[in-house]
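Below is one structure, written out as structure tokens; the observations come after it.
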Amino acid sequence: MQKPAMKDRILETADRLFYLQGIRAVGVDTIAAEIGISKRTLYNHFPSKDALISAYLERRFVAPRPSEKPPAEQILGTFHSLERRFSAKDFRGCPFVNAVAELGSEDQPVRKIAIAFKESRRLWFRDLLLQLGVADAEGLATQLTLLVDGSIAQDLVRNDPAMARAARQAATVLLRNAGVKVGSGAAAPKPQSPAKKH
């Protein structure tokens, strides 16, 4: 039972340090020292830093929880969740984007995990849109994914959680344009007539 416990400790420490300080900035020496173990002990559980990086990203690869809420509410709820995350002091953006940005697209294992994660989120949107009977569920799912990633980038630059709210308003417009009935609880702007100034 001791071995899995130590492996979890290594992974939890690597997760925290990689996410907050950067993958390149944190060496295995730092992770081992933080836990109070030797590098050899760390390598007994993870044979290389690359293996530890892959395990860190796989740990972050969490599927959205199943929900009984209506599909449109689940979609817009994504942006509510983002706003809460943006407000957290330890928010440093998307760990998958960060990893690719740091290590480069040539790092195939990292890129593969990042693509799989992003695609899983897009397919989650797509499946909800199919439940809503949206004609171009594939295209709209991609647009919603871009709104998520765009709001994360804007928050990192501006340090402004309201970027998630702006993305939610844009998502509401996209859903309405696709024929989805979205309640007033979505905090979306009322569509304006073409005659009015924007």
Side-chain angles (χ1 to χ4, degrees), residues 1-67 74 77-125 144-165 167:
M1 295 298 284
Q2 181 67 23
K3 205 165 186 175
M6 177 54 72
K7 189 169 187 173
D8 288 344
R9 279 177 63 200
I10 294 167
L11 197 47
E12 280 169 20
T13 305
D15 183 296
R16 178 169 46 82
L17 295 175
F18 283 162
Y19 184 67
L20 294 178
Q21 297 177 25
I23 293 170
R24 283 197 187 280
V26 176
V28 288
D29 312 60
T30 306
I31 295 165
E34 181 91 3
I35 303 164
I37 59 172
S38 67
K39 268 178 34 175
R40 178 177 286 184
T41 301
L42 187 149
Y43 283 131
N44 284 340
H45 296 280
F46 299 96
S48 65
K49 185 178 179 181
D50 286 345
L52 188 54
I53 292 165
S54 292
Y56 151 65
L57 292 173
E58 283 161 10
R59 184 176 192 260
R60 291 263 171 172
F61 199 137
V62 181
R65 280 182 237 166
S67 173
Q74 289 185 56
T78 300
F79 300 95
H80 284 288
S81 299
L82 281 175
E83 189 169 355
R84 282 196 303 274
R85 281 174 57 207
F86 292 174
S87 300
K89 288 180 182 175
D90 64 350
F91 183 72
R92 296 288 182 275
C94 171
F96 301 93
V97 171
N98 295 350
V100 173
E102 273 198 81
L103 304 174
S105 57
E106 304 82 39
D107 192 318
Q108 288 303 316
V110 163
R111 192 163 172 264
K112 193 175 175 184
I113 296 169
I115 289 171
F117 175 80
K118 292 298 182 183
E119 183 62 4
S120 75
R121 289 300 189 263
R122 193 189 73 81
L123 293 176
W124 181 78
F125 278 132
L144 291 169
T145 305
L146 290 172
L147 285 175
V148 168
D149 288 336
S151 67
I152 291 170
Q154 285 291 321
D155 174 69
L156 284 174
V157 172
R158 298 168 181 267
N159 192 24
D160 183 0
M163 294 298 104
R165 213 171 312 141

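The structure presented is a predicted model; accordingly, all values stated were derived computationally and were not measured. Quick note: numbers below take in every heavy atom, side chains included, and nothing from hydrogens, waters or symmetry partners. Residue indices begin at 1 and follow the sequence shown.
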inquiry  = Can you tell me how the ring of F61 sits relative to the ring of F117, calling it parallel under 30°, perpendicular over 60° and tilted otherwise?
reply    = perpendicular

message = Just so I know, are the side chains of I53 and D107 near enough to count as touching, which here means a heavy-atom distance under 4.5 Å?
response = no

Shortest non-hydrogen separation from S54 to P109 and the atoms involved = OG-CB, 4.3 Å

query = When you look at CZ of R92, are more than 12 heavy atoms from neighbouring residues, nucleotides or ligands closer to it than 6.0 Å?
reply = yes

key: Exam field: side chain E102 to backbone R24, donor-acceptor pair closer than 3.5 Å   = yes

inquiry  = With rounding to the nearest 0.5 angstrom, report the CZ to CG distance, R16 to L11.
reply    = 12.0 Å

Side chain proximity check, R59 to E12, heavy atoms < 4.5 angstrom = yes

query = Between L17 and V26, which heavy-atom pair has the shortest distance, and what is it?
reply = O-CG2, 3.6 Å

request  = Rounded to the nearest 0.5 Å, what's the gap from OG on S38 to CG on D29? Could you check?
outcome  = 11.0 Å

message = Could you tell me if R60 sits above the aromatic ring of Y19, with its cationic atom closer than 6.0 Å to the ring centre and no more than 45 degrees from the axis?
response = yes

ask   = Are V148 and F79 side-chain neighbours, meaning at least one heavy-atom pair lies under 4.5 Å?
value = yes

request  = Locate the shortest heavy-atom distance separating F46 from A55; write the atom from each residue and the value.
outcome  = CE2-CB, 3.6 Å

query = Is there side-chain contact between P64 and R121, with heavy atoms separated by less than 4.5 Å?
reply = yes

query = Got a donor-acceptor contact below 3.5 angstrom from the D155 side chain to the D160 backbone?
reply = yes

key: Gap separating the NZ atom of K118 from the CG atom of L146, nearest 0.5 angstrom   = 10.0 Å

note = Nearest heavy-atom contact between P95 and L57 is O-CD2, 3.9 Å

inquiry  = Run the side-chain contact (heavy atoms from CB on, under 4.5 Å) test against S87 and tell me which residues pass, sequence neighbours left out.
reply    = P161

ask   = How close do I152 and F91 get, heavy atom to heavy atom, and via which atoms?
value = CG2-CZ, 4.1 Å

task = Find out whether I23 and Y56 are in side-chain contact, i.e. whether some heavy atom of one side chain is under 4.5 Å from a heavy atom of the other.
result = yes

query = Is any side-chain heavy atom of E58 less than 4.5 Å from a side-chain heavy atom of I113?
reply = yes

query = Can you find a heavy atom in the side chain of F96 that is under 4.5 Å from one in the side chain of V110?
reply = no

inquiry  = As a test of understanding, state which of I31, N98, T13 forms a side chain to side chain contact (heavy atoms under 4.5 Å, CB included) with F18.
reply    = I31

remark   = Here the gap from I10 atom CD1 to I37 atom CD1, rounded to the nearest 0.5 Å, amounts to 4.0 Å

